[in-house]
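Here the structure comes first, spelled out in structure tokens, and everything after it is commentary.
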Amino acid sequence: MESTFLRVKGIIKKNDKYLLIKRWVDDRIPDPFVWEFIDAEVQHGEAPDDALHRAVREQLSVEENIDKIEYTWSSMLGDTHCVGIAYLCSLKEEDEANIVLSEEFGDWIWVSREEFPKYIENQYVLQDLEGKTL
């Protein structure tokens with residue numbers, strides 16, 4: 001059965017650094033965590049901007065400011081079509097001190113763009129970021 005779903009990605013930037021979170025994926029593998037940006041599926045009837053706000057609140061316990069849509073993407077996962085919107089965002093300085101990760105996340109860090117390949121294992125995400133100015 002063919003289906004399509006929409007995802008949003010929050011690329012949170014501060015100066016020349018970007019916020020990555022360490023998500024738990026599977027405790028049956030040697031390193032059960034992966035580094036990634038804020039990410040969420042848009043629920044039925046939900047606006048993409050609202051989905052991003054919800055994801056940031058749920059994952060970081062703070063509010064973000066959407067600065068702009070950075071890029072969109074599309075990929076096939078079997079017979080499922082995934083369409084996505086990547087937002088460039090920022091946090092208020094005082095909110096950074098109030099970050100509390102939900103239990104599925106192990107840590108968060110600020111990294112430079114040059115460090116993305118060191119942390120982000122998903123080659124599709126790295127390809128999407130090529131040529132983007134962020």
Side-chain angles (χ1 to χ4, degrees):
M1 182 177 151
E2 295 177 356
S3 64
T4 301
F5 67 96
L6 178 63
R7 295 196 69 80
V8 291
K9 181 184 311 292
I11 302 172
I12 299 175
K13 183 176 181 180
K14 177 179 84 170
N15 301 321
D16 291 329
K17 301 279 185 165
Y18 302 86
L19 183 74
L20 295 180
I21 54 176
K22 197 172 192 181
R23 180 190 301 267
W24 175 84
V25 290
D26 189 342
D27 63 1
R28 297 172 291 173
I29 57 177
D31 187 2
F33 291 94
V34 295
W35 289 102
E36 60 185 28
F37 298 110
I38 299 296
D39 187 71
E41 187 170 341
V42 177
Q43 298 171 356
H44 181 74
E46 185 177 35
D49 290 11
D50 293 340
L52 181 65
H53 295 314
R54 172 182 51 81
V56 172
R57 278 192 313 275
E58 289 175 356
Q59 296 173 25
L60 301 179
S61 302
V62 295
E63 301 285 330
E64 89 300 334
N65 297 312
I66 294 175
D67 299 324
K68 67 178 182 170
I69 293 176
E70 187 61 37
Y71 64 91
T72 62
W73 78 92
S74 175
S75 62
M76 294 298 297
L77 304 168
D79 63 353
T80 301
H81 183 207
C82 176
V83 178
I85 304 169
Y87 294 87
L88 190 61
C89 307
S90 57
L91 297 178
K92 294 178 183 161
E93 183 117 7
E94 61 270 15
D95 283 347
E96 183 181 337
N98 296 320
I99 290 176
V100 177
L101 295 173
S102 66
E103 64 184 38
E104 67 193 80
F105 299 99
D107 203 358
W108 61 275
I109 56 171
W110 292 102
V111 300
S112 68
R113 185 179 180 123
E114 293 76 28
E115 294 175 294
F116 286 172
K118 177 181 173 184
Y119 290 94
I120 300 172
E121 296 176 17
N122 186 326
Q123 294 304 305
Y124 295 112
V125 172
L126 293 174
Q127 289 170 6
D128 288 341
L129 292 167
E130 285 181 15
K132 306 295 187 280
T133 57
L134 295 180

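Quick note: numbers below take in every heavy atom, side chains included, and nothing from hydrogens, waters or symmetry partners. Throughout, residue positions are numbered sequentially from 1 according to the sequence presented.
There is no path of hydrophobic side-chain contacts, each under 4.5 Å, that joins W73 to I69. Under a hydrophobic-cluster definition in which Ile, Leu, Val, Met, Phe, Trp and Tyr are linked whenever side-chain heavy atoms come within less than 4.5 Å, directly or via other members, L20 and Y71 are assigned to the same cluster. V34 and F37 are members of different hydrophobic clusters when ILVMFWY side chains are connected at heavy-atom separations under 4.5 Å. Cluster annotation: V83 is connected to I85 through the hydrophobic network of ILVMFWY side chains, with a link wherever side-chain heavy atoms come within less than 4.5 Å. By the rule that hydrophobic residues join a cluster once side-chain heavy atoms approach within less than 4.5 Å of another member, I120 and F105 end up as members of separate clusters.
Taking the side chain as every heavy atom from C-beta outward, I21 and E36 approach each other to under 4.5 Å. Side-chain contact between E115 and K17 is present, with heavy atoms from C-beta onward closer than 4.5 Å. Residues R113 and L134 have side chains in contact (heavy-atom distance under 4.5 Å, counting atoms from C-beta outward). Counting only heavy atoms from C-beta outward, the side chains of I11 and K13 never approach each other to under 4.5 Å. At a threshold of 4.5 Å between non-hydrogen side-chain atoms, the residues V125 and K9 count as touching. Contact check for L60 versus L101: side-chain heavy atoms found under the 4.5 Å cut-off. At a threshold of 4.5 Å between non-hydrogen side-chain atoms, the residues I38 and I12 count as touching. Looking only at side-chain heavy atoms (C-beta outward), Y87 and E64 stay at 4.5 Å or farther from each other.
Here the closest heavy-atom approach between residue E114 and residue P117 is recorded as O-CD, 3.5 Å. A pairwise comparison of heavy atoms in L52 and C89 identifies CD2-SG, 3.6 Å as the closest pair. Pairing each heavy atom of V42 with each of A51, the nearest pair is CG2-CB, 3.8 Å. Minimum heavy-atom separation, L77 to C82: CD1-CB, 4.4 Å.
We find the CG-OG distance between D67 and S90 to be 4.0 Å, quoted to the nearest 0.5 Å. For the atom pair CG of N65 and CG of L88, the computed distance is 11.0 Å after rounding to the nearest 0.5 Å. Rounding to the nearest 0.5 Å places CZ of R54 at 9.5 Å from CG of D50. Going from atom CD of E46 over to atom CD of E41 covers 10.0 Å, rounded to the nearest 0.5 Å. Note that CG of L19 and CD of E96 are 8.0 Å apart. Values are rounded to the nearest 0.5 Å. The distance from the CD1 atom of I109 to the NZ atom of K22 is 8.0 Å, given to the nearest 0.5 Å.
E93 CD: 12 or fewer foreign heavy atoms inside a 6.0 Å radius. Environment of NZ in K14: crowded, with over 12 heavy atoms of neighbouring residues, nucleotides or ligands closer than 6.0 Å. Other residues, nucleotides and ligands contribute more than 12 heavy atoms inside 6.0 Å of the CZ atom of F5. Other residues, nucleotides and ligands place no more than 12 heavy atoms under 6.0 Å from the CG atom of D16.
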Under the side chain to side chain contact (heavy atoms under 4.5 Å, CB included) criterion, do I66 and H53 qualify, and how do the steps go? CA-CA 9 Å; I66 294 175; H53 295 314; 3.7 Å; yes
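Here the rule is ring pair (Phe, Tyr, Trp, His ring centres under 6.0 Å) with Y18, and of W35, F116, Y119 only F116 fits it.
The aromatic rings of W110 and W108 sit perpendicular, their planes meeting at an angle over 60°, well past the 30° parallel limit.
Here the side chain of E70 pairs no donor or acceptor atom with the backbone of L129 at under 3.5 angstrom.
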